[in-house]
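For reference, positions follow the sequence shown, starting with 1. Everything numeric here is computed off the predicted structure, so don't read it as measured data. Read the numbers this way: they start at 1 and go in the same order the structure lists the ligands and their atoms.
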Amino acid sequence: MTDTTESMTSESQSSENLRQYLTDNGDGHQILSIPEGTYKGSIPQILYTFELDELRLPFLKLVSFPDVGTELGTLTKMKLFEAAGNYLHRLPLSFAKCTQLAYLNLEFNHFTAIPASIFELVNLEVLLLGDNEIEELPSEIGNLVNLRVLHLGGNCLTDIPDELAQCKKIHRLNLCGKLYPQAGLQTVPKGVCGQGELIDLDLSWQSIQKIPDGFGSLRKLESLNLKGNHLVCVSVFSQYCKKLETMNLTGALRHFSMVPEAIFMLEGLKNLNLTGNLFTEIPSEVCGLKKLKKLSIRRNKLLILPEELFSLEHLVYLELDENCLETIPDGISKLKNLTYLNLAQNQMSSIHEDICNCRSLQNLQLSFNKLDSIPEKICQLGNLRYLSLDNNKLTEIPLLMDRLEHLRETGGLYLYNNSLKKPPQAICNQGVIPLFLFLKEMRISAAKHRRKIILIGAVRAGKTSLRNALFGHSQLTAEHERTWVLERHLWEPESDLRVQILDFGGHHTYSAAHQMFLTPEALHLLVFDYTKYNRDNYDLLIGDWLDAIIHCAPGATIMAVGTHADLCSKEDINDKTDDIIRKMHHEENTKLTKLKQEIAKIQTFDQPEARESSGKIRDTKMERLQEKMTHMQKMLNTRSLMPQTVYAVSCADDLTGIEEFQEGLISRLKESEEKSLPNSWHKFISEIQNYPEKILPWDKALDIFTNMSNMNQSMISLGGSPELSLEMVLKYLHSTGEIVWFPDNNKLKNIVFHHPETLIEMLRTVFRHDFEEVVNFVEEHGSQADLSSARFDILKQDFIKKGLMAYELLKYTLIHFELSTDTLYTFISLMLKFDLCYEVQESSSNPSLVSSPCVLLFPWFFPEEVPESLKTKWPSRTPPNTFELRYCLKFPNKGPPNFFEKISVKLQNHVSDRINWKSGVLARKNLSQMLIQRTQDENGVLIAVSVRGADLPELWGLIMATRNNFISLLQEWPFICYKLNLLCTHCILQGYEDPYQFEGEVLQTTMPRATYWANWCRNYEDDLIPACFVYRLDPDYQDDISRHIQAATEFLKKSMDAVDGPLSLLSDTGLMFVASQVGFEWTQISFRLGLTQAQIEQIQMSHPMQAFHQITTALTTWRDARDVSDDEKISQLLTVLESEEIGKNELADLLRERYDL
Ligand SMILES: Nc1nc2c(ncn2[C@@H]2O[C@H](COP(=O)(O)OP(=O)(O)OP(=O)(O)O)[C@@H](O)[C@H]2O)c(=O)[nH]1
Ligand SMILES: [Mg+2]
C-alpha cells in the first residue's frame, strides 16, 4: 500500500468515526456532538470538511482550534459552537468568518483575553466565556448588539467598558468575580446600569459597596446575585427593583447587625438568601415579604425569631441552620406549605409542639442541637421523608415514630449520637426498619387503653373520609367508593392508646351485619352529612342509627359527628346542630318517661291485691309481665347518654374541626379505666395471631393458652379453671376489637376469629351486591364442594332470584376459607343468631333444593318486584265461600330497622310454600293462605297481614301467631310508636272500600260469652256480624266454638245470597262478575253502553295491563253516569250483550239465571 492510499484509508476511517456522532434533527439541521473524553487533545482534521449547524466539543482537552492550520473550512457555516472545558487560549482569526454563529460557549478554558475574532460575530446572541482568566473586556464588545446572554463570570475583570450599554438586548448578564483573589469591581459599572432589558444579573464576589443611582434603569430585573460583596447601603433596591423575585445577599451584609428593613419592602420577592452574615435577629417587618417561598438565613448569629416570620404563608423552604437559636416561637404551624425546615446546629434544648402541625413538612433537620426530648406529636408529620435528630441529647423517642411511613421508604431517620434508652441507642443505630419493628412490639405490650371505635351512619355520611382525617390527612373517598360491609383499621393516636376502628358500610344490605360488631364497650361515632340533614330526615340520618346502637349495645358511649362542614355556613351548622341535639334529647326523654310509666304500670299489676284474683291464665300473664319489667328495668339502667354536642368537621383539605374533634375523642377514649395487658396475655395475642389457619377453634385456643411456656400458673387459674380464664381473656380481646368471639352459646363459642378480617371477609363473600358476576364455577372448587357445574347454575339462580342459599353453594362460595364442616355450620349458626338469614326447614316446594343438607334464606336478596302470579293466587276480592281476616300494623315513621325482614324470618315457623319478594310474602298453611305486605307512604310504613281460608280456627291461629311475633319483636324497641288494628271481616267480605278498623286490643281480649252476633261494625251499625269476626276463635277458651263457626258460615252464605238478587247485578260484585266473563270486546260493549272513546282510552291508561280492572271500571262508570232507573240499566246491558255485533247471548242467559232477571 502506498502512502497516499494509506492516508486515504485512515482519512475515511476517521471520517467514519466522527460521523457516528453526527445527527440530523430531521429538517436537515446537522449536529455533531462529540461525547466528553472521546478524543484527547485533538480532533481529526476531516472535521473541517463537514458542513454543520451545530458543533459541540466539550471536555476533550483541546489545546487549539482548529487543530492544525488556521482555516475552518466549511465549518464556518455553523450557528452554534460549544467547546467548554478544554484548554483553549486562542482562536484563529478565521473564526471571524463564522458570521452565522449565534451561540458560542467557551467556558472553562484558558483564555486570558477575549479573541478579537469574536467581536466580528455580530449575529452572536449567546456568548459564554465564564471561568477563564480574562482580565479585560474590550470596548469592542459594543459591536455585539444582538447579544441576549453574556456570561463572563469567574474571570478577573476589573472594569467594564461603558460600550457594553450598546448591547441593548441583554437580559442575562453574569459578571461574578472569582473567589480568590477577591476581585475588582468597586461599584456597579455604567455599562451594566444601562441594560434596560436585564432580567437576571449576577455581580457576586465583587467588592461593591454602593449601588449607584443608575441602577434604577434596571426596571425589569427579577434576579440579582450580590453574594460576597461588601454592601454598606441597600436602601436603593426597594426603590427601583419592583420586579425582583430572587435576591442572593450571602455574606454581602456583614456590615449590618440586623437585616436592613429596605429588603422587606421588596414585596414581590420569592427567594431570599441572607446566609453567612452576622445577623442576631430578624426584624418583625419580615412580614412584608408576602410572597416569599424560600428563605435562607444559614450561618448567622440569630438568637431569636420573630413570630411575624410565620405569617409568610407561602414559605416552602426555610433554612435557619448554624445559628444560635434556643427556641422557636409559637405559631410555626401557620406555615402550611412548609416542606423543608432546617434548624440543625443551633442551641435548642426543646422544640415547640406546634411544629407538629406543619403537616406539609417533608424534611426536618434538627441535628446538632441540645434536644433532650421531642414531642409525641411529631408522628403526625405524615409527609416526612427525612428527619435528622442525630447529635442531640435524646433519651427517648415517641413510640409512634413508625407512623412516619415515608421514613421507612427513604431510610431518612437519623438518630445516632444521642443517649437513647427507650428504645436503646443500639436499636436506633440499626436503621429504620428494625427500629420500627421494635417500636411496634413495644407499643403492643405497653398500651394502657385498648378500645374499639365504631363508625356508623347512613350511606355516604362521610365515615371513611372521617377515618382518613383521623389518621391525619384529608383523603376524601371517590364518588363510587363505598365501604363494603366493613373495614377494620388500627389507630394509635398516642403510644399508650390502641384503637381498633370499625368502619361500617352504610348500605342497607350490610347494616344487618353490623349488630355482630356493636358492643357496649365500644365508642360509637354516629356520623352524618350536614349538607343532607334537614328537619324531616332526622330519623333516617340520626334517629334510626341511635336506636340501632342503643338496641345492640346498651349503655355504649355515643358521639355525634357531622361531616361536610366545609360546604355549610356557620349559621346553617348551628341551626342544624341545635335541632339535632334538641331532638336527640327530646326523644330520649320521651322514651325514658314512657319506660318509667310502663314499669310503674306493671308494678301496680304486680300488687298483692292484683295477684290474689289470679287464676292459671293470670299467672302466665304475670310471668310475662315480670319478664317485660326486668327487660325494661335493664334498659332503664343501661341508657347511653345522649351526646351534648355535635362535632362539625370537614374531612376535605382544610380539615376544619378535626383537631378539636380528635382531642375530644381521645379524651373520651381515655375516660374508661386503664387496661394494660398483662405480659402473658400479650404473648397470648401474638401466639394466636400467628396461628396459621383462618379460624381458631376453641380447643386449639385452649391448647395454646395452657401450653404457653411462660404463662404462669396463677394466670391460667385466674378464672378458676383454664377454660374460664381463657373465656375471660377472649371476652376482653373481643371488647377491644382485637378478635371476634361470640361466647353466647356452646356452638358459637367453638370458633374464635383471631383475625377479625376473616369474619368480615366471610360476610363479604356472602353479602355482595355483585354476586352474580363475581361468583362463577371453577371445576376444582366445584368438586371440593360436591357441586357440578349444572347444579351450581341452578343454586346460583335460586340465590340471586329468591335469596335461597343451599348449603353446597355456601360451601363453594367460602371454599377459600378452608372451613371444616363443623366450622361452616358454626358460621351458619352465627348468621342465624344475628338474623342475617334463616333456615328453610322444608324445601319440597323447590325440588332442586331437596337434596341439600340445609337451605338458608336471605331476605336481603329477595327480588324487588311483586311476583306476577300474585294476582291469580290472591285475587283482590275474597273468593266465594272463603273467610278473610286482616290486621294492619302502622308505624308513623320507618319502623324498627330490618323489621319486615325479621318478621319474614319469624314467619318461617308458621307457614310453608312461600313466595318472597322485598316487600311481601305469600305463604300457605294447610288450606289457609296468608299474605303479608309492606307499603310505605308519607304517613309511614304499613304492614298488612291477611289470611284467607275456610277453616276459621286455623285462620285465627295464624293471625294470633304472627301478631304475637310482632309484639315480641317490638319488645326490643319499647319506644317505637305503632298502631295495630283489626279490619272488619264483615266489610272485607262485603267488598266495602274502607273496612272499619277495630283497636288492636281486641286481639288480646277473650270473646264475651254467649254472644254470636252483634252490631259491632261502626260503619254499618245496622248489620249484624258474627262475633268471631272480631274476637279470636281460640279452641282452648271457646267451649261453644261450633256455634261461632255456624254464625260465621251463615254470614258467608247470606252475603253470597245477597249478591244473587236482580239489583245486585249492578253492585260492584255483580259488575265484577260480568267483567270476569267479558274479554277484549269490552271496549265495543262500553262504546255501545254510551261511554265515549276518550273515556275508554282514559280507563285504559289509568289501569295499564290490567284488563279486569279496566272492564270493571268501564262498567261502574257506565252504571254511575246513567241517570235512568236500575231496571232500565239492566235491560240496556242485556240488549248490548245480545246485540249482533257483540253476540254474548250466553252471558246474557247466565246473568238472567244467576240474578233472577
Ligand atoms: N366536601 C366534603 N366532602 C366529604 C366530606 N366527607 C366526605 N365527603 C365526601 O362524601 C362522600 C361520602 O364519603 P365516605 O367517606 O365514602 O362516606 P361513607 O359514610 O364512608 O360511605 P359508605 O362507606 O358508602 O357508607 C365522598 O364522595 C366523600 O368524598 C367532607 O367533610 N367534605
Ligand atoms: Mg365508607
Colleague: Below the 3.5 angstrom mark, is there an N/O of Val459, backbone or side chain, next to an N/O of ligand 1?
Modeller: no
Colleague: So is there a nitrogen or oxygen of Gly462 less than 3.5 Å from a nitrogen or oxygen in ligand 1?
Modeller: yes
Colleague: Can a donor-acceptor pair be found between the side chains of His489 and Glu487 at a distance below 3.5 Å?
Modeller: yes
Colleague: Of the options Phe767, Phe517, Phe742, Phe827, which is the one that meets Phe834 in a ring pair (Phe, Tyr, Trp, His ring centres under 6.0 Å)?
Modeller: Phe742
Colleague: Nearest heavy atom to atom 32 (N) of ligand 1: which of Asp566, Ile658, Val561 does it belong to?
Modeller: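 It is Asp566 whose heavy atom sits nearest to atom 32 (N) of ligand 1.
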Colleague: Do any nitrogen or oxygen atoms of His564 come within less than 3.5 Å of a nitrogen or oxygen of ligand 1?
Modeller: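 So ligand 1 has an N or O lying under 3.5 Å from an N or O of His564.
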Colleague: If we count only N and O atoms by modelled type, under 3.5 Å, do the side chains of Asp503 and Thr464 hold a donor and an acceptor together?
Modeller: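 There is such a pair (donor and acceptor under 3.5 Å, judged by atom type) between the side chains of Asp503 and Thr464.
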Colleague: Cut-off 3.5 Å, side chains only: do Ser333 and Asp354 have a donor facing an acceptor?
Modeller: yes
Colleague: Tell me if the aromatic rings of Tyr691 and His754 count as close, with their centers under 6.0 Å from one another.
Modeller: yes
Colleague: Do any nitrogen or oxygen atoms of Ser650 lie less than 3.5 angstrom from nitrogen or oxygen atoms of ligand 1?
Modeller: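 Looking only at distances, the answer is no, because the N/O contact criterion of under 3.5 Å is not met.
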Colleague: Is the Mg ion (ligand 2) less than 2.8 Å from an N/O/S atom of Ser465, whether that atom is in the backbone or a side chain?
Modeller: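 Given the 2.8 Å cut-off, Ser465 does not count as a ligand of the Mg ion (ligand 2).
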Colleague: Check the orientation of Phe966 and Phe899. Use parallel for under 30°, tilted for 30 to 60°, and perpendicular for over 60°.
Modeller: parallel
Colleague: Checking contacts here: is it the side chain or the backbone of Leu466 that comes within 4.0 Å of ligand 1, counting heavy atoms only? Could be both or neither.
Modeller: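 For Leu466, no heavy atom sits under 4.0 Å from ligand 1.
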